[in-house]
2 protein chains.
Amino acid sequence: MANGFETEDDDDRGLISDRIRNALTDEIAAGTLAAGAALDEQQLADRFGASRTPVREALRQLAAGGLVELRARRGGVVARMTPERIMDMFETVAEIEAVCVRLATYRMTPLERSRLIELHEFSRPIVESGDVDAYDSFNRQFHETIYHATHNGFLAEQAIAIRNRLNAFRRTQLRQGERLSRSRDEHEAIMQAIAEGDGEMASRRMRAHMLNAATSLSRFIEANKPA
Amino acid sequence: MANGFETEDDDDRGLISDRIRNALTDEIAAGTLAAGAALDEQQLADRFGASRTPVREALRQLAAGGLVELRARRGGVVARMTPERIMDMFETVAEIEAVCVRLATYRMTPLERSRLIELHEFSRPIVESGDVDAYDSFNRQFHETIYHATHNGFLAEQAIAIRNRLNAFRRTQLRQGERLSRSRDEHEAIMQAIAEGDGEMASRRMRAHMLNAATSLSRFIEANKPA
DNA sequence: ATGTCAATTATTGGATACATAACACCTTCG
DNA sequence: CGAAGGTGTTATGTATCCAATAATTGACAT
């Protein structure tokens with residue numbers, strides 16, 4: 001891809017507690033660890049061939065990130081996500097993204113603008129190929145570029161953190177090819193508002209864009225829900 | 001105060017790690033622990049009459065909250081806050097508050113609306129008395145009432161978390177009596193927009209309100225900065 | 001037979017001991 | 001005299017052990 005972005009998955013080496021945290025994050029994201037599942041410290045320690053100490057630190061970090069709920073002296077469980085809460089999270093992401101794109105519209109440098117345009121153009125062949133994984137990767141870059149263009153490092157961090165947190169819970173990628181072209185059309189509309197320097201318009205379109213993705217996913221979840 | 005809100009400062013009992021975390025949070029907020037100060041685990045353990053285990057857990061939690069920076073095998077330091085970063089945090093809070101009040105305007109129940117009006121009226125004698133602590137307490141309730149009125153639990157949590165995180169760094173309360181009446185006037189304007197059902201207007205006024213508080217504080221910090 | 005209370009058990013919270021990596025200082029060689 | 005390498009010290013990462021608490025189960029009384 002040749003654009004300075006790295007996958008940053010420094011797994012399987014370094015701190016054991018970090019390895020455990022990453023592994024658990026993946027398993028929660030993949031759904032291997034179902035929501036509400038009890039997380040026995042000794043059991044996890046055995047599974048990872050470590051002692052309880054790093055397991056506990058991993059659980060604390062996951063709890064801080066919201067993926068795990070800890071109750072004092074009653075152990076941890078994978079955070080239980082109600083459909084309402086998931087929708088709340090999506091709405092929050094949508095609103096934050098809307099804020100970001102508004103600020104970015106007013107503050108982005110010409111370089112950042114051309115970078116964004118370049119990215120957007122780059123997505124056209126991806127949509128045509130229907131490569132969902134590639135589009136997912138592009139999409140992340142597109143949105144993160146906007147975060148950074150706010151020139152507000154803290155806000156960008158928050159946006160990324162919340163987005164990742166939500167990502168961990170969407171166990172099923174969107175496999176609907178149609179969604180890709182709709183997504184790109186919505187990006188197009190956002191790009192146009194940015195080009196016109198209309199931050200408010202860009203903001204409204206971004207909010208709609210995110211909520212479209214949310215309802216689309218929500219419908220999918222509803223159709224495949226277990227009970 | 002007779003309004004169901006509690007101070008929730010359940011300190012000095014319960015989990016030791018929580019006590020340590022709260023204590024460190026307070027000390028960082030008060031400036032007793034200067035930014036960049038090294039946090040020796042054994043030293044802290046001795047100071048709190050505990051072992052390193054709960055100290056480590058406290059440090060992890062603080063790191064997750066952004067108050068402490070941890071580097072692998074190189075210990076932790078109190079997060080170094082540049083003025084730019086503080087302004088970024090203020091702006092982020094302002095934007096999130098703006099989102100909250102817009103959603104709240106469209107979604108709040110009559111009960112929540114009357115609760116907010118009641119709170120606002122209650123602040124008049126506080127401003128006249130010039131009791132800064134009392135106003136600070138009221139102010140928190142005012143804003144948190146708005147968070148909850150969004151009927152988006154996740155967003156409310158995020159707003160409170162970020163607000164607390166910022167609070168930890170404003171080591172000096174605003175001691176300017178004049179600011180109180182200005183703050184209340186701004187609340188008044190926000191209330192009016194809410195009453196008219198104009199979420200966008202309420203949003204813009206809230207943003208201005210928060211940024212006013214920010215610049216006011218920033219000026220104060222600038223005037224009293226150490227070096 | 002059912003409800004309540006107490007004892008036991010299992011699991012988490014905390015303490016201590018040990019391993020390992022990083023930093024500093026000293027020695028030695030160029 | 002300066003730089004580089006090694007060694008020693010200090011602090012973090014991990015393991016194991018002990019204590020406290022909550023859940024569960026069984027017994028006894030109503």
Side-chain angles (χ1 to χ4, degrees), chain A residues 8-28 32-80, chain B residues 8-28 32-80:
Chain A
E8 84 207 13
D9 271 287
D10 282 76
D11 226 329
D12 89 79
R13 76 183 199 137
L15 271 55
I16 296 178
S17 60
D18 285 354
R19 275 170 35 197
I20 296 175
R21 176 174 52 75
N22 289 333
L24 289 178
T25 300
D26 290 345
E27 293 188 17
I28 292 174
T32 311
L33 280 168
L39 297 167
D40 187 288
E41 292 178 0
Q42 186 59 54
Q43 185 178 319
L44 288 172
D46 295 344
R47 225 162 66 66
F48 288 102
S51 78
R52 275 181 51 217
T53 309
V55 171
R56 287 182 55 182
E57 301 209 343
L59 289 180
R60 292 308 194 281
Q61 290 184 264
L62 292 171
L67 268 70
V68 164
E69 287 172 13
L70 290 179
R71 290 182 301 174
R73 300 188 184 278
R74 297 174 72 181
V77 295
V78 177
R80 210 178 282 275
Chain B
E8 85 207 11
D9 271 288
D10 282 75
D11 228 329
D12 90 78
R13 76 182 200 137
L15 271 55
I16 296 178
S17 62
D18 285 353
R19 274 170 35 196
I20 297 176
R21 176 175 51 76
N22 289 334
L24 289 179
T25 301
D26 290 345
E27 293 187 18
I28 292 173
T32 311
L33 281 168
L39 297 166
D40 186 289
E41 293 179 0
Q42 187 59 53
Q43 186 179 320
L44 289 171
D46 295 343
R47 226 163 65 66
F48 288 102
S51 77
R52 277 179 52 219
T53 309
V55 170
R56 287 174 63 88
E57 300 202 349
L59 289 181
R60 304 301 160 151
Q61 289 184 264
L62 292 172
L67 267 68
V68 164
E69 288 172 14
L70 290 179
R71 290 180 303 173
R73 298 192 180 276
R74 297 176 75 182
V77 296
V78 177
R80 215 176 280 275

Under 4.5 Å between any side-chain heavy atoms of B:Val68 and B:Val77, yes or no? no

Answer yes or no: is there a side-chain heavy-atom contact under 4.5 Å between A:Leu24 and A:Leu67? no

Select one nucleotide: of [options], the one nearest the side-chain heavy atoms of [X].
X: B:Arg74; options: C:dG14, C:dA22, D:dT14; value: C:dA22
X: B:Arg73; options: C:dA21, C:dG14, D:dT14; value: C:dA21
X: A:Ser51; options: C:dA15, D:dG13, D:dA15; value: D:dA15

Let me confirm one number: the [atom1]-[atom2] distance from [X] to [Y], rounded to the nearest 0.5 Å.
X: B:Leu59; Y: B:Arg21; atom1: CG; atom2: CZ; value: 11.5 Å
X: B:Ser17; Y: B:Arg56; atom1: OG; atom2: CZ; value: 13.0 Å
X: B:Asp18; Y: B:Glu57; atom1: CG; atom2: CD; value: 9.0 Å
X: B:Leu39; Y: B:Glu69; atom1: CG; atom2: CD; value: 10.5 Å
X: B:Leu62; Y: B:Arg60; atom1: CG; atom2: CZ; value: 11.0 Å

Please determine if a side-chain N or O atom of [X] lies less than 4.0 Å away from the OP1 or OP2 oxygen of [N].
X: A:Arg60; N: C:dG13; answer: yes
X: B:Thr53; N: C:dT16; answer: no
X: B:Arg52; N: C:dG14; answer: no

Specify the separation, in whole Å, of atom [atom1] of [X] and atom [atom2] of [N].
X: A:Arg19; N: D:dT14; atom1: CZ; atom2: P; result: 9 Å
X: A:Leu70; N: D:dA22; atom1: CG; atom2: P; result: 15 Å
X: B:Ile20; N: C:dG14; atom1: CD1; atom2: C1'; result: 10 Å
X: A:Arg71; N: C:dT11; atom1: CZ; atom2: P; result: 15 Å
X: B:Ile16; N: D:dT21; atom1: CD1; atom2: P; result: 11 Å
X: B:Leu15; N: C:dT12; atom1: CG; atom2: P; result: 13 Å
X: B:Asp18; N: C:dG14; atom1: CG; atom2: P; result: 8 Å

Which residues in residues 39-48 of chain A have at least one heavy atom lying under 4.0 Å from any atom of DNA chain C? A:Leu39, A:Asp40, A:Glu41

Charged N-O contact under 4.0 Å between B:Glu27 and B:Arg47: yes

Need to verify one output field. Residue with the more 5' nearest nucleotide on DNA chain D, B:Arg56 or A:Ala72? B:Arg56

Taking N or O atoms only and anything under 3.5 Å, show me the protein contacts with nucleotides 7-9 of chain D, one pair per line.
none

Can you give me the closest heavy-atom contact between B:Leu70 and B:Gly76, atom names plus distance? CD2-CA, 3.5 Å

